[in-house]
Amino acid sequence: QVQLVESGGGSVQAGGSLRLSCAASGIVFTLYNMGWYRQAPGKQRELVAGISSGGNTNYTDPVKGRFTISRDYATSTVFLHMNSLTPEDTAIYYCNADRWDRLRKRSQVFWGQGTQVTVSS
């Protein structure tokens with residue numbers, strides 16, 4: 001079965017760093033685009049960073065220069081390195097995997113269970 005298991009969340013002071021990990025299983029990892037989303041209380045879930053199956057990356061403006069997304073094909077793991085954290089980064093962070101299914105003309109999308117990141121001032 002497909003599983004995306006996040007880890008690495010926790011509490012940190014403003015200015016600190018965390019590294020989130022997402023271990024994928026049950027998918028052909030090389031075929032999937034991977035991403036990190038976050039959802040804060042009262043706000044919609046938003047894309048934080050994405051990395052394509054080929055390794056191209058993109059980031060939402062508030063995290064550019066502070067966060068780095070990467071993937072390890074040997075271990076089917078995607079990482080999110082977060083530096084210079086601020087209270088605005090407080091949210092539940094979710095791992096995402098997606099691939100376009102051309103036969104069914106829809107995306108195959110999978111989500112992890114989420115991991116809490118709390119940044120105190």
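Values in this document were obtained by computation on a predicted structure and should not be read as measured data.
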Next on the checklist: Check for me whether Arg45 meets the cation-pi criterion with Tyr94, that is, NZ or CZ under 6.0 Å from the six-membered ring centre and within 45 degrees of the ring axis.
Outcome noted: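 Flagged: Arg45 positioned over aromatic ring of Tyr94.
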Less than 4.5 Å apart, side chain to side chain, heavy atoms only: is that true for [X] and [Y]?
X     : Y      : result
Ile69 : Val78  : yes
Trp36 : Glu6   : yes
Tyr37 : Gln39  : no
Phe67 : Asn83  : no
Leu47 : Asn96  : no
Ile92 : Thr115 : no
Phe29 : Arg71  : yes

Is there a donor-acceptor pair under 3.5 Å between the side chain of [X] and the backbone N or O of [Y]?
X     : Y      : result
Thr86 : Glu88  : yes
Arg66 : Pro62  : yes
Thr90 : Val119 : yes
Asn33 : Ser53  : yes
Arg99 : Tyr32  : no
Tyr59 : Gly65  : no

Checklist entry - Looking only at heavy atoms, which two atoms of Ala91 and Ala40 are closest? And how far apart? => result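 Reported closest heavy-atom pair: CB-N, 3.9 Å.
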Item to check | Heavy-atom pair with the smallest gap, counting every atom of Ser17 and Ser84 | outcome: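 Looking at all heavy atoms of both residues, the closest pair is OG-N, 4.3 Å.
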Pairwise distance [atom1]([X]) to [atom2]([Y]) - rounded to 0.5 angstrom:
X     : Y     : atom1 : atom2 : answer
Arg38 : Leu80 : CZ    : CG    : 9.0 Å
Tyr93 : Met82 : OH    : CE    : 5.5 Å
Ser52 : Met34 : OG    : CE    : 12.0 Å
Ile51 : Phe79 : CD1   : CZ    : 11.0 Å
His81 : Ser21 : NE2   : OG    : 7.5 Å
Leu20 : Thr77 : CG    : OG1   : 12.5 Å

Checklist entry - When hydrophobic residues are tied together by side-chain contacts of less than 4.5 Å, even through go-betweens, does Leu4 share a cluster with Val28? => result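 Result: yes, single cluster for both.
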Checklist entry - Taking it one step at a time, do Phe110 and Gln3 satisfy side-chain contact (heavy atoms from CB on, under 4.5 Å)? => result CA-CA 8 Å; Phe110 302 101; Gln3 284 192 299; over 6 Å; no
